[in-house]
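Reviewing the structure listed below.
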Amino acid sequence: MSEAENEQAAADFDRANEKSKKRKAAREKMLSSKVNEKGLIIVHTGKGKGKSTAAFGLATRAVGNGMKIGVVQFVKGKWETGEKYVLEKFPDQVDMYALGEGFTWDTQDRGRDIAAAEKAWEKSKEMIDACRGENPKYDMIVLDELNITLRYDHLNLEEVIDFLEDKPEDLHIVITGRNAKEEMIEIADLVTEMTLVKHPFRDQNIKAQRGIEF
């Protein structure tokens with residue numbers, strides 16, 4: 001490189017470093033204002049894959065931080081999943097209840113679906129209530145596919161929303177399932193919508209595979 005090119009390159013590096021310093025300062029200023037902590041209602045919804053996967057990722061992260069986790073599966077009770085086997089290795093930190101009976105097209109019995117949803121919701125309320133007072137039993141509760149039961153009116157939406165709004169202040173609740181109701185989105189602190197771009201099941205006729213779907 002010529003001397004002029006070297007000087008230009010040095011000037012470019014200096015400008016880049018200055019911009020980086022300004023970004024860092026702005027970031028530190030923003031972070032300094034974030035001083036509050038609270039238990040969050042987290043919703044994973046949308047047509048794309050990854051809603052439950054993300055929820056169990058959070059649960060695994062929480063376990064790694066020594067937190068206590070409760071899980072209620074509203075739909076996938078019959079599935080033997082990899083996350084179930086992982087979380088079962090931490091019995092002192094994780095309670096997991098698979099109370100679903102499959103998707104509605106599996107059971108073909110609305111009454112049975114409603115009964116299963118109600119049973120799972122009663123367990124959910126019991127676990128949330130166990131977090132009230134000075135010695136909460138859980139730090140995080142995952143309500144997997146709760147949105148599905150609400151979509152098909154298997155539970156009373158108003159009752160569910162009212163109960164979740166009254167959750168213990170420090171408890172994190174993670175809710176999954178597509179077609180989250182507007183009322184659920186409204187009370188949530190964090191909502192992520194998984195967007196479907198491509199899916200091998202739809203596009204290539206590839207069946208659910210171990211380690212990917214379960």
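Computed from heavy atoms alone, side chains included, the values below leave out hydrogens, waters and symmetry copies.
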What do you reckon, is CZ of Arg61 surrounded by more than 12 foreign heavy atoms closer than 6.0 Å?
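At most 12 heavy atoms, drawn from other residues, nucleotides or ligands, come within 6.0 Å of this atom.
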Count the heavy atoms of every other residue, nucleotide or ligand shown that sit under 6.0 Å from CD of Glu88, and state whether that count exceeds 12.
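Check passes, neighbour count above 12.
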Stepwise salt bridge (charged side-chain N to carboxylate O under 4.0 Å, His left out) check, Glu159 with Lys125:
CA-CA 11 Å; Glu159 177 196 341; Lys125 291 193 293 183; 3.1 Å; yes
With a 4.5 Å cut-off on side-chain heavy atoms, are [Y] and [X] touching?
X: Ile175; Y: His44; result: no
X: Asp153; Y: Arg110; result: yes
X: Met184; Y: Asn147; result: yes
X: Val72; Y: Met127; result: yes
X: Lys181; Y: Ile161; result: no
X: Ser124; Y: Phe74; result: yes
X: Met140; Y: Leu171; result: no
X: Lys38; Y: Asp189; result: yes

On a heavy-atom basis, which atom in [X] and which in [Y] lie closest, and how many Å separate them?
X: Arg178; Y: Gly46; result: CB-O, 3.3 Å
X: Ala117; Y: His154; result: CB-CB, 3.7 Å
X: Gly177; Y: Glu145; result: CA-OE1, 3.4 Å
X: Lys167; Y: Gly39; result: NZ-O, 3.1 Å
X: Cys131; Y: Pro136; result: O-CB, 3.4 Å
X: Ala55; Y: Val174; result: CB-CG1, 3.7 Å

Atom [atom1] in [X], atom [atom2] in [Y]: separation rounded to 0.5 Å?
X: Arg151; Y: Leu157; atom1: CZ; atom2: CG; answer: 14.5 Å
X: Leu190; Y: His172; atom1: CG; atom2: NE2; answer: 11.0 Å
X: Ile69; Y: Leu58; atom1: CD1; atom2: CG; answer: 9.5 Å
X: Asn179; Y: Tyr152; atom1: CG; atom2: OH; answer: 7.5 Å
X: Glu165; Y: Glu186; atom1: CD; atom2: CD; answer: 8.5 Å
X: Phe163; Y: Ile128; atom1: CZ; atom2: CD1; answer: 5.0 Å

Are the side chain of [X] and the backbone of [Y] linked by a donor-acceptor contact shorter than 3.5 Å?
X: Asp166; Y: Asp162; answer: no
X: Lys123; Y: Ala98; answer: no
X: Asp139; Y: Lys68; answer: yes
X: Asn65; Y: Met67; answer: no

Passing option when Val160 is tested against Ile187, Leu155, Leu143 for side chain to side chain contact (heavy atoms under 4.5 Å, CB included)
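Of the listed residues Ile187, Leu155, Leu143, the side chain to side chain contact (heavy atoms under 4.5 Å, CB included) partner of Val160 is Leu155.
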Salt-bridge present (Lys119, Glu122; N to O < 4.0 Å)
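Not counted as a salt bridge, because no side-chain N and carboxylate O are separated by less than 4.0 Å.
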Answer yes or no: is there an ion pair linking Lys51 with Glu193, defined by an N-O contact shorter than 4.0 Å?
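No, this pair does not count.
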Starting from [Y], can I reach [X] by hopping between I/L/V/M/F/W/Y residues whose side chains sit under 4.5 Å apart?
X: Val142; Y: Leu99; value: no
X: Met194; Y: Val191; value: no
X: Ile185; Y: Leu40; value: no
X: Val43; Y: Ile141; value: yes
X: Ile173; Y: Leu146; value: yes

side-chain contact (heavy atoms from CB on, under 4.5 Å), that's the test. Do Leu87 and Phe56 meet it? Break it down for me.
CA-CA 9 Å; Leu87 293 175; Phe56 284 109; 3.7 Å; yes
Residue pair Val94, Val63: steps toward the side-chain contact (heavy atoms from CB on, under 4.5 Å) verdict:
CA-CA 8 Å; Val94 180; Val63 168; 3.7 Å; yes
